[in-house]
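Please read the structure below before turning to the comments.
Order of the sequence lines fixes the chain letters, A, B, ..., with proteins taken first and strands second; residue numbering starts at 1 for each chain.
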There are 2 protein chains.
Amino acid sequence: MEKVLAGQEWFWEKLNHYLAKSQLKHSKQRNFIIEEFLAMDSHVSAEELYSQLKNRDHNPGLATVYRTLNLLKDAGLVDQKQFSDGKSVFEVMAPDSHHDHLICLSCHKVIEFENEEIERLQELVAKKHSFKLTKHSLELFGHCSDCVKTL
Amino acid sequence: MEKVLAGQEWFWEKLNHYLAKSQLKHSKQRNFIIEEFLAMDSHVSAEELYSQLKNRDHNPGLATVYRTLNLLKDAGLVDQKQFSDGKSVFEVMAPDSHHDHLICLSCHKVIEFENEEIERLQELVAKKHSFKLTKHSLELFGHCSDCVKTL
DNA sequence: TTGAATGCAAAGTTTTTGCAAAAGC
DNA sequence: GCTTTTGCAAAAACTTTGCATTCAA
């Protein structure tokens with residue numbers, strides 16, 4: 001749940017490895033975009049990241065932001081989540097994190113949670129249907145304690 | 001899991017009630033679209049429904065298909081699901097069905113399942129975070145037994 | 001008759017792509 | 001120097017909207 005600002009080395013290392021393997025390059029824009037993405041709260045849309053970069057006096061094209069996020073997705077470093085209003089956000093895919101989301105329909109707050117037992121039951125369901133599971137997405141929608149009062 | 005072709009009266013009744021309450025009307029196109037939607041397998045996109053209607057010698061505009069599906073959504077009769085490739089599909093929201101989805105990444109087959117215990121644990125998680133839950137979405141991605149062989 | 005529904009085409013959104021110029025290695 | 005990346009604008013994909021016409025009650 002906590003933001004860990006240090007300890008993103010693994011991210012850059014995996015990225016370097018991916019770029020090398022795929023014969024791709026670093027670039028000023030690419031690095032700026034990724035730095036800002038890592039600094040921002042997770043669950044960021046391409047548009048939000050783009051605006052943020054403009055505030056910081058960098059001005060990559062929106063296309064470049066998309067291309068960079070897609071690169072990270074291909075590298076398996078971020079995950080793209082489609083929310084039900086059709087918008088999508090990106091989040092860092094830490095190799096050891098298995099969290100799901102509680103989403104407030106009023107204020108759009110996103111809370112992460114982990115539940116071992118739910119994970120275990122999912123495995124069971126998959127096994128029962130002879131599925132080989134690669135990932136899952138569990139989203140609980142509702143109203144958070146703050147917003148519930150104002151309804 | 002079985003398709004129940006009879007017993008859609010509740011759907012039409014709720015629809016009638018909603019239309020009356022909102023001072024909206026029935027129409028030939030609207031009814032054709034809804035009939036075809038109910039006859040098709042669930043998890044149908046607007047575009048698929050539109051093509052199907054053309055095959056059946058009805059030719060509502062695509063906009064009308066969208067408008068009708070949105071009407072059903074407003075009426076609380078269907079649910080729109082965003083799949084991870086950015087496309088969205090609609091499915092009947094039976095008042096007593098709490099099912100989730102196993103989705104094959106190879107053949108795009110969708111299998112529904114129900115798991116009481118997962119539901120119960122979700123409630124617990126929500127309670128722990130003081131969330132008032134309204135709905136949830138659980139999707140398990142992987143490869144089905146058929147496709148796993150071909151990998 | 002009066003408001004709602006339709007069809008069409010135009011406009012919106014979000015994301016991707018083509019291409020010439022610039023940058024990385 | 002050769003290949004990748006960038007920026008821009010154009011295109012794509014999906015969905016909504018505006019408006020004149022048709023339809024339902």
Practice item. Write down the distance between OH (B:Tyr50) and C1' (D:dA13), rounded to a whole number of angstrom. Key: 15 Å
**Study point:** Value in whole Å for how far the P atom of C:dG24 lies from CD of A:Gln23
**Key:** 19 Å
Point to revise | Neighbour count above 12 (heavy atom, 6.0 Å) for B:Lys132 NZ | key: no
**Study point:** Spacing of A:Leu71 atom CG relative to C:dT15 atom C1', expressed in whole Å
**Key:** 16 Å
Review point. Rounded to whole angstrom units, what separation is found between the CG atom of B:Leu72 and the P atom of C:dA5?
Key: 12 Å
**Study point:** A:His26, NE2 atom: more than 12 neighbouring heavy atoms under 6.0 Å
**Key:** yes
**Study point:** Distance, rounded to the nearest Å, where B:Leu19 contributes CG and C:dA5 contributes P
**Key:** 8 Å
Check your understanding: Closer to the 5' end of DNA chain C via nearest nucleotide, is it B:Ser22 or B:Ala63?
Key -> B:Ser22
Review point. Taking CG from A:Asn16 and C1' from C:dG24, how many angstroms apart are they, rounded to a whole number?
Key: 14 Å
Check your understanding: Looking at B:Met93 and B:Trp10, what are the two nearest heavy atoms and their distance?
Key -> O-CH2, 3.7 Å
Exercise for review: Determine the contact category for A:Glu47: base if any of its heavy atoms lies under 4.0 Å from a base atom, sugar-phosphate if only primed atoms, P, OP1 or OP2 are that close, otherwise nothing.
Suggested key: nothing
**Study point:** Under-3.5 Å donor-acceptor pair between B:Lys25 side chain and C:dG3 base
**Key:** yes
Practice item. Answer yes or no: does a side-chain N or O of A:Asn70 lie under 4.0 Å from OP1 or OP2 of C:dT16? Key: yes
Point to revise | Nearest atoms (heavy-atom pairs only) where B:Tyr50 meets B:Gly61 | key: CE1-C, 3.8 Å
Revision key, fill the gap. 5'-most contact on DNA chain D (nearest-nucleotide basis), A:Ile33 vs B:Phe90, goes to A:Ile33
Check your understanding: In whole angstrom, what separates A:Leu24's CG from D:dT6's C1'?
Key -> 14 Å
Exercise for review: Taking atom NE2 of A:His17 as the centre, report whether more than 12 heavy atoms of other residues, nucleotides or ligands fall under 6.0 Å from it.
Suggested key: no
Practice item. Identify, between A:His26 and B:Thr68, the residue whose nearest nucleotide on DNA chain C lies closer to the 5' end. Key: B:Thr68
Check your understanding: Does A:Gln29 make a side-chain N or O approach to OP1 or OP2 of D:dG7 shorter than 4.0 Å?
Key -> yes
Exercise for review: May I ask you to verify if any side-chain N or O of A:Thr64 is less than 4.0 angstrom from the OP1 or OP2 atom of D:dT5?
Suggested key: no
Point to revise | Separation of C:dA10 P from B:Leu62 CG (nearest whole Å) | key: 16 Å
Review point. Which nucleotide, C:dT16, C:dT6, C:dG24, lies nearest any side-chain atom of B:Ser27?
Key: C:dT6
Check your understanding: Heavy atoms under 4.0 Å, any strand shown: does B:Arg67 hit a base, just sugar-phosphate, or nothing?
Key -> base
